[in-house]
Amino acid sequence: MTTNTLVYIEINNNKIENVSKEIISHVSKNFDDTSVCGFLTVNTTLSESLFSELRQIGLDKIYIIQHEALKDFNVEVFSGVISQLISNIQPQVLLMGATVNGRELAPRIAANLQIGLTADCTDLKIEDNMLLATRPTYGGQMMATIYSKTLPGFATVRPGAFLKRNFPEKNTEIVYFEANFDGVYEILNKTEILSTEYKPQTDDWTNSDIIIAGGLGLKSKENFEKLYKLCDLIGAKPAASRAAVELGWAPSEIQVGQTGRSVSAKLYIALGISGALQHMTGISNAQKVLAVNTDKNAPIMSCSDVAIVADATAVIEALTNKFS
Amino acid sequence: MCFKILVFVKQVPDTTDIRWTEHNTIQREGLESVINPYDLGAVQLAKNIKSALGDCKISAVSMGPLQAKEALKEAIAFGCDDAYLLCDKKFAGSDTLATAYVLSQFVKTHCSDFNLIICGYQAVDGDTAQTPSSLAQRLGIAQITGVTALKDICNEYSVWIKDTSAYKQEIKITHPALVSTTLKDIDFTVPVNGWIKAQTTDITVLSAGDISAETSKTGFCGSPTQVKKAYRPVIVRHTELIEPDNCEEASNSIVSIINRCKEQDDN
Ligand SMILES: Cc1cc2nc3c(=O)[nH]c(=O)nc-3n(C[C@H](O)[C@H](O)[C@H](O)COP(=O)(O)OP(=O)(O)OC[C@H]3O[C@@H](n4cnc5c(N)ncnc54)[C@H](O)[C@@H]3O)c2cc1C
């Protein structure tokens with residue numbers, strides 16, 4: 001039996017969020033026999049470039065809800081109209097990115113439709129036509145696999161948890177959904193954004209091909225500077241353990257793990273990182289993990305693909321020489 | 001007119017101190033319980049409002065076993081005026097949908113004239129951050145998720161700062177409303193007499209019947225989400241251990257792995 005999966009295509013600043021594409025990638029590869037549909041909200045006509053991109057992200061069908069009231073994100077308004085769409089098309093699986101907006105939106109939709117929701121998942125699969133969603137819990141010390149007695153099976157997915165793939169061309173059908181917008185302006189009047197200051201965004205590094213992370217074994221902030229330089233030479237992105245972030249050696253934006261980011265790199269190199277569970281859950285979807293540690297018995301040495309017993313700083317220096 | 005604030009608090013196990021049984025389940029006995037760190041941030045914001053407005057009452061509310069009275073006493077010691085514990089066997093095992101239902105029934109039956117609800121952003125034992133949004137939906141009120149500071153307040157509205165990694169916003173919200181806060185690890189000094197007040201203030205304990213909750217919507221049975229299995233994560237990778245004689249050899253191995261990764265990229 002085919003499962004119908006509906007994915008929220010989140011658009012910010014006229015760009016499709018990576019996590020939406022990551023979800024579609026995972027679903028099309030891992031859910032047997034599923035049709036993947038997307039939906040999005042906009043306030044005006046979509047730009048041509050966005051239209052053509054939407055046809056290239058592996059969707060069978062996309063539902064568009066277009067209304068001027070959808071200009072700025074308002075969780076009450078968005079959850080109301082999205083709930084209408086879901087009641088109307090009744091998918092078996094509903095997925096959204098656990099972004100700032102997604103984490104606020106999903107529980108309101110779930111409460112509105114009185115359905116179960118599993119938040120911030122790092123793995124999803126279908127068994128007997130049912131969504132099984134896995135997420136870290138208890139501060140990353142445990143994993144829980146959760147299903148729901150209600151339909152659709154509903155989950156939000158951690159950005160970076162899945163690898164983004166290239167999609168084959170698809171003949172994506174485009175459908176405009178007419179939602180009921182009664183009372184929407186009264187809702188909008190209850191909250192008013194007085195000012196917004198966007199912060200400069202480092203481009204999303206979590207799904208770059210090669211990530212080189214440093215931990216306490218790097219010993220100093222200066223060595224992190226050397227790590228950044230090496231990354232530039234290789235075309236890799238730097239990352240850090242929480243312990244290194246807490247000491248101020250690296251910025252919190254590049255922390256990997258349970259309370260940091262999840263990565264899905266092709267190659268993750270961990271330099272001087274012990275391999276605490278909270279760190280490892282963030283790299284469970286990396287294709288290859290290479291650890292460099294002076295301690296042969298450090299936990300990470302038995303849960304990497306390649307474990308090299310060596311001094312991290314010396315390795316950085318040697319690599320820098322080789323790639324210069 | 002008295003400004004009424006409800007602060008929802010949860011008692012959580014101290015997740016920095018988890019021990020495992022031989023069956024890889026969490027050893028619950030002897031696990032320290034603490035007030036969820038984000039909920040202390042919520043109490044702090046409520047106190048800020050009280051000092052700004054003067055005529056203001058802060059009620060702390062928790063759903064949980066009788067033991068959760070301790071967390072509520074702590075909330076009183078920190079400056080809440082009174083406290084309610086929603087406690088019923090029929091609430092046990094509630095997921096977020098069922099929890100938000102119970103909390104909303106309390107609000108509807110006991111303090112429907114509230115002005116503001118403040119919650120912690122998430123509970124550290126579940127990290128789901130769902131309950132505030134779910135509750136706001138049940139009550140049909142506006143919300144702001146993840147506020148970091150109060151800018152301005154009067155009885156009719158408040159202005160908040162929301163500071164995320166992507167942006168910083170100033171948002172005005174009309175009451176009644178709900179805000180959740182990412183403030184945590186507040187360095188509280190318990191006000192003079194705080195603990196005395198905590199010992200002498202009665203905590204009102206309410207059952208499902210007291211808040212007119214339909215028990216088909218609460219607890220394990222009323223919760224759509226069910227845990228199929230919970231396990232300690234194991235990372236399965238087949239490790240190739242390399243013990244190079246010198247750093248040159250180590251970096252050669254790494255270079256070849258990097259190059260293989262890049263080649264894989266090209267085709
Ligand atoms: C609720 C909670 C959430 C958490 N979330 C995260 C998270 O998101 N991300 C995260 O990373 N951590 C997280 N942690 C912290 C985690 O438990 C560890 O404390 C942390 O990951 C350790 O960082 P580290 O590996 O850099 O340091 P350490 O554990 O101190 O390891 C340093 C390693 O470097 C090695 N070393 C020393 N010298 C050298 C050298 N010269 N060359 C090579 N190797 C050397 C040592 O052998 C050791 O293995 C969390 C903890 C809790 C309680």
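Note on naming: letters A, B, ... go to the chains in the order of the sequence lines (proteins, then strands), and numbering restarts at 1 for each one.
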Which is it for L97(B) and L117(A) under the side chain to side chain contact (heavy atoms under 4.5 Å, CB included) test, yes or no, and what are the steps along the way? CA-CA 8 Å; L97(B) 192 75; L117(A) 165 65; over 6 Å; no
Which bit of [X] is near chain B, if near means a heavy-atom gap under 4.5 Å: side chain, backbone, both or neither?
| X | answer |
| --- | --- |
| A310(A) | side chain |
| N101(A) | side chain |
| V289(A) | both |
| E104(A) | both |
| K322(A) | side chain |
| T196(A) | both |
| I234(A) | both |
| F323(A) | side chain |
| S79(A) | side chain |
| V100(A) | side chain |
| N321(A) | neither |
| A286(A) | both |
| I308(A) | both |
| I210(A) | side chain |

To the nearest 0.5 Å, how far apart are [atom1] in [X] and [atom2] in [Y]?
| X | Y | atom1 | atom2 | answer |
| --- | --- | --- | --- | --- |
| I316(A) | S251(B) | CD1 | OG | 12.0 Å |
| L277(A) | R232(B) | CG | CZ | 6.5 Å |
| Q122(B) | D120(A) | CD | CG | 8.0 Å |
| I193(A) | K172(B) | CD1 | NZ | 13.5 Å |
| S133(B) | N112(A) | OG | CG | 12.0 Å |
| T174(B) | E186(A) | OG1 | CD | 12.5 Å |

Walk me through whether V292(A) and I254(B) qualify under side chain to side chain contact (heavy atoms under 4.5 Å, CB included). CA-CA 10 Å; V292(A) 176; I254(B) 299 175; 3.9 Å; yes
Side chain from CB out, backbone as N, CA, C, O: work out which of these in [X] comes under 4.5 Å of a heavy atom of chain A, or both, or neither.
| X | result |
| --- | --- |
| S223(B) | backbone |
| E249(B) | neither |
| A250(B) | both |
| N246(B) | neither |
| I141(B) | backbone |
| V159(B) | side chain |

With the side chain counted from C-beta on, respond yes when I269(A) and I258(B) share a heavy-atom pair under 4.5 Å apart, and no when they do not.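 Yes; the side chains approach each other to less than 4.5 Å.
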Are I257(B) and V306(A) close enough that some pair of their side-chain heavy atoms sits under 4.5 Å apart?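 When only atoms from C-beta onward are counted, V306(A) and I257(B) do touch, with a gap below 4.5 Å.
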Interface residue of largest heavy-atom contact number with chain A, from K168(B), E248(B), Q226(B), under 4.5 Å: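 Highest number of pairs under 4.5 Å: Q226(B).
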Using a cut-off of under 4.5 Å on heavy-atom pairs, state which of C247(B), G146(B), S180(B) scores highest against chain A.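 Heavy-atom pair counts peak at C247(B).
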For [X], does the [atom1] atom have more than 12 heavy-atom neighbours from other residues, nucleotides or ligands under 6.0 Å away?
| X | atom1 | answer |
| --- | --- | --- |
| N166(A) | CG | no |
| D128(A) | CG | no |
| K151(B) | NZ | no |
| K162(B) | NZ | yes |

Starting from the C-alpha separation in whole Å, work towards a yes-or-no answer on side chain to side chain contact (heavy atoms under 4.5 Å, CB included) for Q114(A) and R138(B). CA-CA 10 Å; Q114(A) 312 248 336; R138(B) 292 264 186 197; 3.1 Å; yes
Short side-chain to backbone donor-acceptor contact, K149(A) and C221(B), under 3.5 Å: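 Such a contact is found between K149(A) side chain and C221(B) backbone.
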When you measure from the side chain of T239(B) to the backbone N and O of S304(A), does any donor-acceptor pair fall under 3.5 Å?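 Looks like yes, one N/O pair under 3.5 Å.
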Could you have a look at [options] and say which one has the most heavy-atom pairs with chain B under 4.5 angstrom?
| options | result |
| --- | --- |
| S195(A), G235(A), A144(A) | S195(A) |
| A110(A), S148(A), A133(A) | S148(A) |
| K288(A), K296(A), E317(A) | K296(A) |
| E192(A), M280(A), M301(A), Q287(A) | E192(A) |

Locate the shortest heavy-atom distance separating [X] from [Y]; write the atom from each residue and the value.
| X | Y | answer |
| --- | --- | --- |
| E243(B) | V309(A) | CG-CG2, 3.7 Å |
| S284(A) | R237(B) | O-NH2, 3.6 Å |
| A142(B) | K190(A) | N-NZ, 3.9 Å |

May I have the step-by-step check of side chain to side chain contact (heavy atoms under 4.5 Å, CB included) for T145(A) and Y231(B), ending in yes or no? CA-CA 9 Å; T145(A) 299; Y231(B) 54 97; 3.6 Å; yes
